[in-house]
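Every value quoted in this text rests on a predicted model; they were computed, and no experiment measured them.
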Amino acid sequence: MIEKLKETAKFIESLTDVKPHLAIVFGSGLSSEELLDEITKKIPYREIPHLKTSTVQNHKGELVIGKRNGTNIYLFSGRMHYYEGYSAKEVTYPIRVMQYMGAKNLVLTNAAGGINPDFNAGDVILLKDHINMIPDHPLRGKNIDKLGTRFPDMSNAYNADIRKDFMEISKKTGYNLKQGIYLALQGPSLETPAEYSMIYRMGADLIGMSTVFETIAAVHGGIKVTGFSMVSNECYPPERIKETTHQDVVKMVKKSEHILMELLGEWIDNYL
Ligand code: HPA
């Protein structure tokens with residue numbers, strides 16, 4: 001694993017001098033490069049040694065390296081998912097590369113179904129916690145002590161200090177930012193009404209198919225995690241459920257992308 005990471009890092013370093021400080025993963029429908037004021041390099045995932053590529057529509061599969069206000073940023077446009085047939089270890093390989101290259105912060109974004117009856121399609125929600133219900137785990141198998149401890153603590157997985165900063169930022173920008181618990185199932189089918197009701201009873205506010213593996217790997221690796229869900233469809237109570245296609249999800253995410261970008265931009269400029 002360490003050998004592989006070394007090779008991947010060496011390849012990236014042969015193309016740019018910019019080392020990651022902040023890594024951002026953009027999920028379904030998100031692609032905004034405007035967050036960066038300087039783009040140094042764009043590398044398709046398939047050209048990067050040992051990295052898998054995203055097979056999902058509207059997931060670009062491209063690493064965009066650049067800067068904003070002097071902060072070095074690695075922007076992963078599109079991600080790999082468990083439902084694509086990738087293991088939790090493959091899904092989290094980009095996070096390990098970021099750890100190996102010295103990134104200190106990670107922002108994970110996703111499209112999600114809104115379980116909390118107060119959450120509406122178009123809302124941007126700050127993640128405060130997660131529930132992993134995907135039947136795999138990125139730390140399964142022998143622990144690599146060089147990467148992190150065998151039993152990482154998860155009590156502050158979505159960094160509370162950074163969440164405080166985002167709550168303050170949202171007051172400034174005038175956005176009513178709410179926080180929620182994200183539950184991940186493997187997908188790729190969306191859930192039945194009975195499943196959405198189960199997720200509500202389990203105590204989650206959001207449902208999706210990603211993010212939790214990346215959070216676990218980052219916490220294991222000592223990277224601070226921040227997560228955002230873009231609510232694309234309403235899932236509970238059952239009267240709120242509407243038939244939803246992937247196109248509907250992407251359309252809704254696009255609509256609220258500017259809100260997320262404003263929050264992130266302010267954070268990078270004045271808090272990070
Ligand atoms: N379920 C799971 N994942 C999702 C959903 C959903 O309803 N909407 C967007 N991602």
Side-chain angles (χ1 to χ4, degrees), residues 1-5 7-9 11-12 20 22-33 41-65 73-101 103 105-113 127 130 132-141 144 147-148 157 182-190 206-221 223 225-230 232 246 249-250 253:
M1 174 74 166
I2 301 287
E3 260 327 291
K4 274 202 215 165
L5 288 169
E7 282 169 23
T8 307
F11 171 80
I12 296 171
L22 166 66
I24 304 177
V25 178
F26 277 162
S28 292
L30 289 170
S31 60
S32 206
E33 292 165 9
K41 196 85 206 163
K42 291 186 185 185
I43 320 172
Y45 291 170
R46 68 188 132 73
E47 290 179 11
I48 303 177
H50 308 302
L51 203 76
K52 303 289 178 191
T53 195
S54 178
T55 63
V56 191
Q57 256 185 345
N58 297 299
H59 278 255
K60 256 190 175 171
E62 187 176 64
L63 170 59
V64 182
I65 301 171
I73 301 176
Y74 275 44
L75 215 164
F76 289 83
S77 192
R79 61 152 57 86
M80 281 62 81
H81 302 80
Y82 182 75
Y83 65 73
E84 293 175 77
Y86 298 129
S87 68
K89 282 211 167 59
E90 289 170 326
V91 166
T92 51
Y93 189 73
I95 310 304
R96 292 306 187 184
V97 175
M98 290 300 90
Q99 176 188 353
Y100 189 79
M101 294 183 74
N105 282 276
L106 173 68
V107 173
L108 299 168
T109 70
N110 58 57
L127 302 192
H130 81 214
N132 173 26
M133 296 292 288
I134 307 180
D136 196 358
H137 197 290
L139 306 182
R140 184 165 181 267
I144 303 171
L147 292 180
Y182 177 93
L183 186 146
L185 286 175
Q186 62 176 301
S189 51
L190 301 194
L206 299 150
I207 169 68
M209 310 170 191
S210 68
T211 304
V212 295
F213 291 160
E214 291 141 297
T215 297
I216 294 166
V219 169
H220 181 246
I223 301 175
V225 179
T226 306
F228 285 98
S229 281
M230 323 288 283
S232 55
H246 184 61
V249 169
V250 170
V253 168

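Closest of all the heavy-atom pairs between Pro138 and Ala88 is N-CB, 3.5 Å. Residues Ser189 and Met209 share a closest heavy-atom pair of O-CE, 3.9 Å. For the pair Val250 and Gly29, the tightest heavy-atom approach, listed with the atom from each and the gap, is CG1-CA, 4.0 Å. For the pair Val253 and Ser28, the tightest heavy-atom approach, listed with the atom from each and the gap, is CG1-O, 3.3 Å.
For Glu90, the salt bridge (Lys or Arg N to Asp or Glu O under 4.0 Å) test picks out Lys52, with sequence neighbours left out. Remark: Tyr83 engages His81 in a ring pair (Phe, Tyr, Trp, His ring centres under 6.0 Å) (not counting sequence neighbours). Every residue two or more places apart in sequence or in another chain that forms a side chain to side chain contact (heavy atoms under 4.5 Å, CB included) with Pro94 is listed here: Leu51, Phe76, Met80. For His50, the side-chain hydrogen bond (donor to acceptor under 3.5 Å, both in side chains) partners are Glu7, not counting sequence neighbours. When the side chain to side chain contact (heavy atoms under 4.5 Å, CB included) test is applied to Gln186, the partners found at least two apart in sequence or on another chain are Tyr82, Ile134, Pro135.
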Which pairs would a plain distance check flag for residues 211-220, meaning a side-chain donor or acceptor within less than 3.5 Å of a matching protein atom at least two apart in sequence or in another chain?
residue : atom : partner : partner atom : Å
Thr211  : OG1  : Asn110  : ND2          : 2.8
Glu214  : OE1  : Arg79   : NE           : 3.2
Glu214  : OE1  : Thr211  : N            : 3.0
Glu214  : OE2  : Arg79   : NE           : 2.9
Glu214  : OE2  : Arg79   : NH2          : 3.4
Thr215  : OG1  : Tyr158  : OH           : 2.8
Thr215  : OG1  : Thr211  : O            : 3.1
His220  : ND1  : Arg96   : NH1          : 3.3
His220  : ND1  : Arg96   : NH2          : 2.7
His220  : NE2  : Asn143  : OD1          : 3.0
His220  : NE2  : Gly148  : O            : 3.4
His220  : NE2  : Thr149  : O            : 2.9

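With hydrogens and angles ignored, the 3.5 Å screen pairs a side-chain donor or acceptor of Thr109 with a backbone N or O of Gly27. In terms of modelled atom types and a separation under 3.5 Å, the side chain of Tyr182 and the main chain of Phe228 share no donor-acceptor contact. Under a 3.5 Å cut-off, the side chain of Tyr45 and the backbone N or O of Ser77 do form a donor-acceptor pair.
Using a 4.5 Å heavy-atom cutoff, the side chains of Phe26 and Glu62 are not in contact. Between Tyr74 and Ile43, the closest side-chain pair of non-hydrogen atoms is not below 4.5 Å. Within the 4.5 Å cutoff, side-chain heavy atoms of Met230 are placed close to those of Leu30.
For the atom pair CD1 of Ile12 and CD of Glu47, the computed distance is 11.5 Å after rounding to the nearest 0.5 Å. Considering NZ of Lys42 and CG of Leu63, their distance stands at 11.5 Å, rounded to 0.5 Å. Atom CG of Leu190 and atom NE2 of His246 lie 10.5 Å apart (nearest 0.5 Å). Note: Leu127 CG to Leu108 CG = 8.0 Å, rounded to the nearest 0.5 Å. Between atom NZ of residue Lys89 and atom CG of residue Asp136 there is a gap of 7.5 Å, rounded to the nearest 0.5 Å. If you take CG on Leu147 and CD on Gln99, they are separated by 5.0 Å, rounding to the nearest 0.5 Å.
There is no side-chain donor-acceptor pair under 3.5 Å between Tyr100 and Thr8.
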Using side-chain contact (heavy atoms from CB on, under 4.5 Å), reason through Ile73 and Ile65 one step at a time and then give a plain yes or no. CA-CA 6 Å; Ile73 301 176; Ile65 301 171; over 6 Å; no
